[in-house]
Each structure stands twice: as structure tokens, then as C-alpha cells.
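Here's the structure we're looking at; comments come further down.
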Amino acid sequence: IAALASDGRANITLTFAGPFLVAATSWGGNSVRGGTVVPGSALKAVVASALGADDPTHPLHEVLGQVVFGHLAPHRKGAARPRAVPLSAYFVGDETAAFDALSDDPVEWASAGVVRFEPDWKSGKALEALNARFHHTFIPRYDARTRTAVAASGVADEKKLFSSAAVVPGDHVWSGTLAQGEATPEAFATLLAALPARIDGFGKTRVTAQAEVTPSPRAHVPAPTGRTCLVLESEALLHAPGEEDGTVPLDRHVADYLAEAILARGGPQVPPESLNVVCYARHRRVGGYLAARYRGQDAGYRPWLLTTAGSVIAFDLPSDANPAIASFLSRGLPLPRALSTRSWRDCPFVPGNGYGAVRLGTGLGGSA
């Protein structure tokens with residue numbers, strides 16, 4: 001445990017005993033389907049409950065808020081953990097090799113065939129090869145369950161009908177990273193030592209999961225220089241409420257955000273336009289309970305806007321910014337400046353819950 005803590009990070013792998021239901025999304029009426037990626041916040045919540053650290057007086061209560069619980073993704077035991085497929089990837093015509101828009105201008109290929117970015121991909125050998133390249137092996141299967149109340153007439157009360165589809169784990173395990181974050185090495189070591197090997201009551205199905213904590217050796221990553229690329233491995237909150245009205249082009253907004261993030265993490269102050277940001281990104285709105293419970297602004301209801309995993313940010317790296325980039329890789333991207341005082345108590349999308357995880361480079365070859 002001391003060795004793990006001294007490195008500031010560790011891997012955690014969960015083996016579920018049966019179907020689980022977390023990060024559920026509605027797919028019609030009173031029907032919900034579980035997500036295949038386990039949010040760091042879901043793991044953190046069940047660990048807090050298991051340790052009694054959901055009690056504010058518990059010595060690990062504040063530590064849990066400081067440590068980064070990364071999202072957990074499915075893979076076969078002993079195989080590589082999947083990485084997000086970058087949204088800068090595209091295919092040309094019937095070619096099975098993927099190109100990278102950061103290094104191969106898709107306009108130049110337009111005469112050679114139809115240029116297909118992710119929204120136009122269909123199943124086939126090309127997509128299978130790309131998924132294999134990024135270690136995506138999990139094909140979701142679901143365990144459907146329906147609950148209802150019986151009306152006085154003896155039949156189901158349709159107004160009280162609720163259906164759920166839980167993810168069947170099959171031969172896959174789920175793994176992610178635990179990082180020291182803002183905790184001290186001693187506090188991080190204490191938390192790692194306290195983690196239970198068996199976690200009961202996981203998700204809506206209350207399933208049991210076996211947890212294994214192992215070293216997460218830091219791969220040698222050369223210090224980036226010049227043109228640099230970050231790929232989101234998990235969703236990130238890059239827009240504060242009110243900043244997503246469409247009046248500012250995406251590249252410009254991300255440049256403003258990135259300049260602030262570099263400064264906030266110990267880098268130099270740079271003009272946003274000097275970063276020459278180019279983005280390939282997608283977004284989704286998060287409303288409902290999360291927007292009502294965690295208000296992004298002082299008054300009124302407004303859904304959050306998240307930038308999805310696989311989104312790509314390419315930019316010119318300022319000199320003396322490597323410490324900030326290292327911080328992004330180990331702790332995730334920070335919240336926007338307007339939300340910089342928020343914590344997990346009033347914003348569910350903080351880096352400590354696994355949001356804003358990034359890697360360097362698209363992994364497609366030929367790009368930053």
C-alpha cells in the first residue's frame with residue numbers, strides 16, 4: 001500500500017457477481033437502461049457507504065472528496081483497458097484504415113470517396129478494426145426487469161409500471177484509476193488500505209463486486225512540445241452555465257477555457273488566440289434531477305452541457321506549460337473558472353469523480 005501511495009496512483013478492478021445498473025438513462029416512458037461505463041462517482045459513493053465515510057465526521061470523508069476516482073471501463077481480465085476513439089477519426093469510401101483529421105485534411109480526400117466521420121459509421125470491418133485498435137471488446141447484453149403495482153381490478157396498473165435493463169457483465173471486468181488528487185500521500189495511503197475487497201450493494205440491483213487494487217506504473221510519456229493534442233477519456237465540463245449559448249465559436253471558447261486551465265494548474269498566462277485551438281467534439285445536455293439538484297447558476301433551471309469522451313483538442317503548447325499538462329493527465333481537466341470554487345457537494349462533474357480525464361495524442365498515427 002505504501003508503494004502504491006508513493007506513486008500517487010493505483011488501478012482498481014471490479015468483478016461483478018451479476019447484472020448491475022448505474023448511470024441509467026431513460027429510453028422511453030418509465031424504462032431505463034444502465035450505462036456500460038461505471039462513473040467514478042458511483043464507485044466513490046458505494047465505497048463511502050461501505051466504510052461509513054458518508055458520515056461527515058468520518059476521518060476519510062474529506063479524503064474521498066480529494067482523491068480522484070476515475071471512470072471504470074469494461075475489458076477482459078488481463079487485457080488492455082479500452083481507450084476513447086477520437087472524434088477526429090474518419091474513413092474514406094470503402095477503406096478500412098482510419099485517417100486522422102488533425103494530420104490528413106478530409107477536404108483533400110473528398111474526391112476519392114465519401115468522407116465518413118463517427119455519426120456516419122456503420123457496422124463492418126472498418127469499425128471492427130478501429131474498435132480493436134482501441135481495445136473495445138464489450139458487446140452489451142442486458143437483464144430486463146419490470147415492476148408494477150396491481151390495480152383493484154387485478155391487472156397491472158400501467159401508471160405504476162417501471163422497467164429497467166441492467167448490464168450483464170459476462171466475461172468482462174471493469175477497471176479504472178485511483179489518483180491522489182488533492183489528498184496528501186499519507187491520506188491517500190490510508191484510503192487505499194481501507195478499501196474493501198468486497199463491495200456490497202452496488203447500483204440499483206444492489207449487486208456485489210470484488211475489488212482488486214494493483215500498481216499503476218506511470219508509462220514514460222515524453223514531454224510534449226509544439227503542436228499538442230488532448231483526447232477526452234471521459235466526459236468533461238468545459239462550459240459553465242450561460243457559456244454555451246452558441247454566440248462564441250467552439251474553438252474560441254475552448255481556447256479561452258484552456259488558457260485559464262493552464263494558468264490554474266501552475267502554467268504561464270497566455271493569450272487564448274496564441275494556442276491556435278482546433279476541436280473535434282460532441283456535446284450532450286444533462287438535465288432532469290442532476291440539473292435541478294445541482295444548480296449551475298443561482299436561480300432558475302438550466303441543464304448542464306458536457307463535452308463527450310473522444311472529443312479532441314489540438315493546440316500549440318506554450319513554453320513552461322508542461323507542469324499544467326502533467327496535472328491534466330494525472331488529475332483531469334479543471335472546472336471552468338466560473339465554477340472553480342465548486343466541489344462534489346454542488347457539482348457532480350468534478351475531476352475527483354472521474355470527469356475530464358485526458359490522454360496525449362489520438363493514437364491514430366501521424367498526429368500530435
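In this chain, residues are counted from 1 in sequence order. Only a predicted model underlies this, so the values are computations on that prediction, with no experimental measurement involved.
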Heavy atoms of Val115 and Pro106 approach each other most closely as CG2-O, 3.7 Å

Got a second to check how far Tyr280's OH is from Leu87's CG, nearest 0.5 Å? 11.0 Å

Determine, step by step, whether Leu43 and Leu72 satisfy the side chain to side chain contact (heavy atoms under 4.5 Å, CB included) criterion, reporting the C-alpha distance in whole Å, the side-chain angles of both residues, the deciding distance to 0.1 Å, and the verdict. CA-CA 9 Å; Leu43 175 59; Leu72 292 87; 3.7 Å; yes

Quick check on the hydrophobic clustering: are Leu329 and Val68 connected, directly or via other members, by side-chain heavy-atom contacts under 4.5 Å? no

Keeping Ser327 on the side-chain end and Pro323 on the backbone end, is there a donor-acceptor pair under 3.5 Å? no

Check whether Ser216 reaches the backbone of Arg9 with its side chain - one donor and one acceptor, N or O, closer than 3.5 Å. no

Using 0.5 Å steps for rounding, measure from the CZ atom of Arg285 to the CG atom of Leu305. 5.0 Å

Measure the spacing between CG of Asn322 and CG of Leu317 and express it to the nearest 0.5 Å. 5.5 Å

Sub-4.5 Å side-chain heavy-atom contact between Asp171 and Arg76: yes

With sequence neighbours left out, what residues match Phe202 under ring pair (Phe, Tyr, Trp, His ring centres under 6.0 Å)? Phe16

Before giving the answer on ring pair (Phe, Tyr, Trp, His ring centres under 6.0 Å), spell out for Tyr355 and His71 the whole-Å C-alpha distance, their side-chain angles and the decisive distance to 0.1 Å. CA-CA 8 Å; Tyr355 291 89; His71 290 3; 4.8 Å; yes

With a 4.5 Å limit on heavy-atom distance, are the side chains of Arg359 and Leu230 in contact? no

Asn11 and Ser175 side chains, donor-acceptor separation under 3.5 Å: no

Show the numbers, then the answer: is there a side chain to side chain contact (heavy atoms under 4.5 Å, CB included) between His58 and Leu64? CA-CA 10 Å; His58 193 282; Leu64 279 168; over 6 Å; no

Is there a side-chain contact between Leu335 and Ser340 (heavy atoms, below 4.5 Å)? no

Side chains of Leu21 and Arg145: closer than 4.5 Å at any heavy-atom pair? no

For Pro241 against Leu339, the heavy-atom pair lying closest together: CD-CD1, 4.2 Å

Compute whether any side-chain donor of one residue and acceptor of the other, for His75 and Thr137, lie under 3.5 angstrom apart. no

Output for pair (Ser311 OG, Glu233 CD), nearest 0.5 Å, gives 11.5 Å

Before giving the answer on side chain to side chain contact (heavy atoms under 4.5 Å, CB included), spell out for Glu235 and Thr307 the whole-Å C-alpha distance, their side-chain angles and the decisive distance to 0.1 Å. CA-CA 6 Å; Glu235 293 181 314; Thr307 304; over 6 Å; no

Using a strict threshold of under 4.0 Å (side-chain N to carboxylate O), is an ion pair present between Arg227 and Asp316? yes

Could you see if Phe117 belongs to whatever hydrophobic cluster contains Phe99? Use Ile, Leu, Val, Met, Phe, Trp, Tyr and a side-chain cutoff under 4.5 Å. yes

Run the ring-centre check on Tyr90 versus Trp109 and record whether the distance is less than 6.0 Å. no

Non-hydrogen atoms of Phe328 and Pro334 that approach each other most closely: CE2-CD, 3.8 Å

Measure from the side-chain N and O atoms of Lys44 to the backbone N and O of Gly70, and report whether any donor-acceptor pair falls under 3.5 Å. no

Which atom pair, heavy atoms only, marks the closest approach of Leu127 to Phe91? N-CZ, 4.3 Å

By ring pair (Phe, Tyr, Trp, His ring centres under 6.0 Å) - contacts of His136 (at least two apart): none

Heavy atoms, side chains only, cut-off 4.5 Å: are Leu237 and Cys347 in contact? yes

Determine whether a donor-acceptor pair (N or O, by modelled atom type, separation under 3.5 Å) exists between the side chain of Asp100 and the backbone of Leu364. no

Do Pro19 and Val207 have side chains that get closer than 4.5 Å, going by heavy atoms? no

May I ask you to test the Val312-Leu102 pair for a side-chain heavy-atom distance under 4.5 Å? yes

Group every Ile, Leu, Val, Met, Phe, Trp and Tyr by side-chain heavy-atom contacts under 4.5 Å, then state whether Val168 and Phe20 land in the same group. no

Search all heavy atoms of Leu275 against all heavy atoms of Pro318 and return the closest pair with its distance. CD2-CG, 3.6 Å

Contact between Leu14 and Val173 at the side-chain level, heavy atoms closer than 4.5 Å - yes or no? no

Would you list the pairs meeting salt bridge (Lys or Arg N to Asp or Glu O under 4.0 Å) in which at least one residue belongs to residues 179-191, sequence neighbours left out? Glu182-Arg331

Please determine whether residues Leu232 and Val37 belong to a single hydrophobic cluster, defined as Ile, Leu, Val, Met, Phe, Trp and Tyr linked transitively by side-chain heavy-atom distances below 4.5 Å. no

Looking at Tyr142, does the NZ or CZ of Arg33 lie under 6.0 angstrom from its six-membered ring centre and within 45 degrees of the ring axis? yes

With sequence neighbours excluded, give me every salt bridge (Lys or Arg N to Asp or Glu O under 4.0 Å) pair touching residues 51-65. Glu62-Arg345

Please list all pairs passing the salt bridge (Lys or Arg N to Asp or Glu O under 4.0 Å) test where one or both residues lie in residues 251-267, with sequence neighbours left out. Arg252-Asp256, Glu260-Arg337

Please tell me whether Val270 and Leu263 are part of a single hydrophobic cluster in this structure, the criterion being side-chain heavy atoms less than 4.5 Å apart. no

Please list all pairs passing the salt bridge (Lys or Arg N to Asp or Glu O under 4.0 Å) test where one or both residues lie in residues 105-119, with sequence neighbours left out. Glu118-Arg282

Aromatic contact between Phe138 and Trp174, with the criterion being ring centroids under 6.0 Å apart: yes or no? yes

Measuring from atom CG of Leu258 to atom CG of Leu238, what distance do you get when rounded to the nearest 0.5 angstrom? 9.5 Å

For the pair Ser163 (side chain) and Thr146 (backbone), establish whether a donor and an acceptor sit closer than 3.5 Å, ignoring hydrogens and angles. no

Pairing donors with acceptors under 3.5 angstrom, does anything connect the side chains of Ser88 and Thr362? no

Atom CG in Leu195, atom CD1 in Ile12: separation rounded to 0.5 Å? 5.5 Å

Starting from the C-alpha separation in whole Å, work towards a yes-or-no answer on side chain to side chain contact (heavy atoms under 4.5 Å, CB included) for Ile313 and Thr228. CA-CA 8 Å; Ile313 304 172; Thr228 301; over 6 Å; no

If I compare all heavy atoms of Leu178 with all of Phe188, which pair ends up nearest, and what's the gap? O-CZ, 3.8 Å

